[in-house]
A.B. asks: 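Take a look at this one; I'll ask things after.
Because only heavy atoms are used, hydrogens play no part in the values below, and waters and symmetry mates are left out as well, while side chains stay in. Since the model is a prediction, treat every value here as computed from it, not as a measurement.
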Amino acid sequence: MSAPLTSSRPWFRRPELLAAAAATFTVVMWASAFVSIRSAGAAYSPGALALGRLLAGALTLGAIWAVRREGWPPRAAWPGIAVSGLLWFGVYMVVLNWGEQQVDAGTAALLVNVGPILVALLASRLLGDALPPRLLAGMAVSFAGVIAVGLSMSGEGKASVLGVALCLIAAVGYAAGIVAQKPALGSASALQVTTFGCLVGAVGCLPFAGQLAADLSHAPASATLNMLYLGVFPTALAFTTWAYALARTTASRMGATTYAVPALVVMMSWLALDEVPGAVTLGGGALCLAGVAVARSRPRARAAATPETTSSHR
């Protein structure tokens with residue numbers, strides 16, 4: 001009886017491995033977005049940058065959606081798509097772009113990473129997500145790492161009240177968008193939810209169309225390319241892989257995964273911009289990654305469940 005169980009274990013774990021790979025791709029792309037936002041933000045206003053990013057993302061997703069012929073999302077998914085589109089794709093992107101112009105990178109990273117904590121609280125209250133000790137412990141470790149990274153990167157300590165408020169609004173929009181998106185994934189595919197959520201966000205940002213046209217006329221090619229990169233990779237592709245992974249786990253666990261973003265930003269800045277991080281920054285990044293590993297881990301007792309226990313939960 002033990003041989004069939006052993007041979008079937010890789011197939012049993014394959015969905016978990018695919019979801020983990022999708023989540024990993026997402027956080028890498030979102031980490032790269034911080035560098036692109038800083039580059040494009042020098043030439044584009046916050047609203048114009050958000051609209052240009054969303055238009056590029058919507059066109060990319062629309063093409064993939066048309067080729068795959070997935071059809072329209074069912075009616076039950078539209079409330080979640082609309083709320084996540086307005087709050088996460090729309091509000092979050094605009095206020096984050098604006099907030100990063102008001103505060104230093106460390107303060108922004110610290111404030112925005114309140115989001116995973118809000119995700120866990122909202123998901124527990126609204127979706128009934130459990131808050132196991134490993135998840136809470138991992139979030140605490142990661143948040144300590146975020147504080148270390150934030151303080152080490154806040155060299156000049158420049159932060160305005162407006163910038164702090166904007167980053168907190170971004171965190172709230174991000175958390176509410178994730179919690180709203182989770183139920184929609186129960187009746188629609190990841191591609192459908194992401195495509196139409198991005199479209200909703202783009203429509204919500206249309207008031208910035210005049211600013212986008214004006215900025216396009218004098219922005220350097222590098223800034224425009226960064227804006228297009230943000231639309232195609234961190235938005236179209238990464239939000240789709242995020243939705244794919246979110247459909248296969250809890251919102252709280254996925255929210256904790258984003259704590260890896262500050263650590264990856266530190267490493268990318270080191271490699272791409274030759275910005276050598278200090279010991280505190282490296283230590284904080286290590287804590288972020290360690291916390292994510294703890295939050296996403298499962299008790300060994302569950303993995304070592306007997307065949308009878310495993311089959312009874314199918």
A.B. asks: Kindly give the heavy-atom pair with the smallest separation between A236 and T194, and that separation in Å.
C.D. replies: O-CG2, 4.3 Å
A.B. asks: Find the distance between CG (N97) and CG (L166) and round it off to the nearest 0.5 Å.
C.D. replies: 10.5 Å
A.B. asks: Would you compute the distance between atom CD of Q101 and atom CG of L49 and round it to the nearest 0.5 angstrom?
C.D. replies: 8.5 Å
A.B. asks: Would you kindly confirm whether W72 and L185 end up in one hydrophobic cluster when ILVMFWY residues are joined by side chain heavy atoms under 4.5 Å apart?
C.D. replies: yes
A.B. asks: Among all residues two or more places apart in sequence or in another chain, which pass the ring-ring contact (aromatic ring centres under 6.0 Å, His included) test with Y229?
C.D. replies: F233
A.B. asks: Linking I/L/V/M/F/W/Y whenever any side-chain heavy atoms sit under 4.5 Å apart, do Y92 and L237 land together?
C.D. replies: yes
A.B. asks: Any side-chain heavy atom of I178 within less than 4.5 Å of one from S84?
C.D. replies: no
A.B. asks: Kindly compute the distance separating OG (S187) from CZ (R75), expressed to the nearest 0.5 Å.
C.D. replies: 12.0 Å
A.B. asks: Assert yes or no for the condition that the ring centre distance of W242 to W88 is strictly below 6.0 Å.
C.D. replies: yes
A.B. asks: Hey, any chance L55 and L230 share a hydrophobic cluster, counting ILVMFWY side chains that come within less than 4.5 Å of each other, even indirectly?
C.D. replies: yes
A.B. asks: Ignoring hydrogens, what is the shortest heavy-atom contact between D215 and A48? Give both atom names and the distance.
C.D. replies: OD2-CB, 3.4 Å
A.B. asks: For V83 and V200, what are the C-alpha separation, side-chain angles and deciding distance, and is it a side-chain contact (heavy atoms from CB on, under 4.5 Å)?
C.D. replies: CA-CA 9 Å; V83 172; V200 168; over 6 Å; no
A.B. asks: Would you find a donor on one side and an acceptor on the other, under 3.5 Å apart, between the side chain of Q192 and the backbone of G71?
C.D. replies: yes
A.B. asks: Looking only at non-hydrogen atoms, find the nearest pair between A43 and H218 and report the distance.
C.D. replies: O-CE1, 4.1 Å
A.B. asks: Just by distance, with hydrogens left out, do Y44 and T224 show a side-chain donor and acceptor under 3.5 Å apart?
C.D. replies: yes
A.B. asks: Verify, without hydrogens or angle tests, whether T26 (side chain) and A238 (backbone) share a donor-acceptor contact under 3.5 angstrom.
C.D. replies: yes
A.B. asks: Of all heavy-atom pairs between A184 and A77, which one has the smallest distance, and what is that distance?
C.D. replies: CB-O, 3.6 Å
A.B. asks: Is a side-chain N or O of K182 found less than 3.5 angstrom from the main chain of L127, in a donor-acceptor match?
C.D. replies: no
A.B. asks: With rounding to the nearest 0.5 angstrom, report the SG to CG distance, C167 to L162.
C.D. replies: 9.5 Å
A.B. asks: Please check if the side chain of T235 supplies one atom and the backbone of V232 the other of a donor-acceptor pair under 3.5 Å.
C.D. replies: no
A.B. asks: Assigning hydrophobic clusters by single linkage (Ile, Leu, Val, Met, Phe, Trp, Tyr; side-chain heavy-atom cutoff under 4.5 Å), is F25 placed with L246?
C.D. replies: yes
A.B. asks: Any side-chain heavy atom of P234 within less than 4.5 Å of one from S36?
C.D. replies: no
A.B. asks: Distance from L54 atom CG to C205 atom SG, nearest 0.5 Å?
C.D. replies: 5.0 Å
A.B. asks: Of the non-hydrogen atoms in A40 and A223, which two are nearest, and what is the gap between them?
C.D. replies: CB-O, 3.6 Å
A.B. asks: For M227 and L212, run side-chain contact (heavy atoms from CB on, under 4.5 Å): C-alpha distance rounded to whole Å, both residues' side-chain angles, the deciding distance at 0.1 Å, then the answer.
C.D. replies: CA-CA 11 Å; M227 181 176 67; L212 177 60; 4.1 Å; yes
A.B. asks: Given ring-ring contact (aromatic ring centres under 6.0 Å, His included), test F239 with W30 step by step and report yes or no.
C.D. replies: CA-CA 9 Å; F239 271 77; W30 285 355; 5.1 Å; yes
A.B. asks: Let's go through Y244 and L18 carefully: what are the C-alpha distance in whole Å and the side-chain angles of both, what is the deciding distance for side-chain contact (heavy atoms from CB on, under 4.5 Å) to 0.1 Å, and is it a yes or a no?
C.D. replies: CA-CA 9 Å; Y244 174 87; L18 290 175; 3.5 Å; yes
A.B. asks: Looking only at heavy atoms, which two atoms of V193 and A188 are closest? And how far apart?
C.D. replies: CG2-CB, 3.8 Å
A.B. asks: Determine whether I37 and R53 satisfy the following criterion, side-chain contact (heavy atoms from CB on, under 4.5 Å), listing intermediate values before the conclusion.
C.D. replies: CA-CA 10 Å; I37 287 174; R53 174 180 179 177; 4.0 Å; yes
A.B. asks: Is it the case that the ring center of F196 lies less than 6.0 angstrom away from the ring center of W65?
C.D. replies: yes
A.B. asks: Among the clusters formed by ILVMFWY side chains lying less than 4.5 Å apart, do I64 and L199 turn up in the same one?
C.D. replies: yes
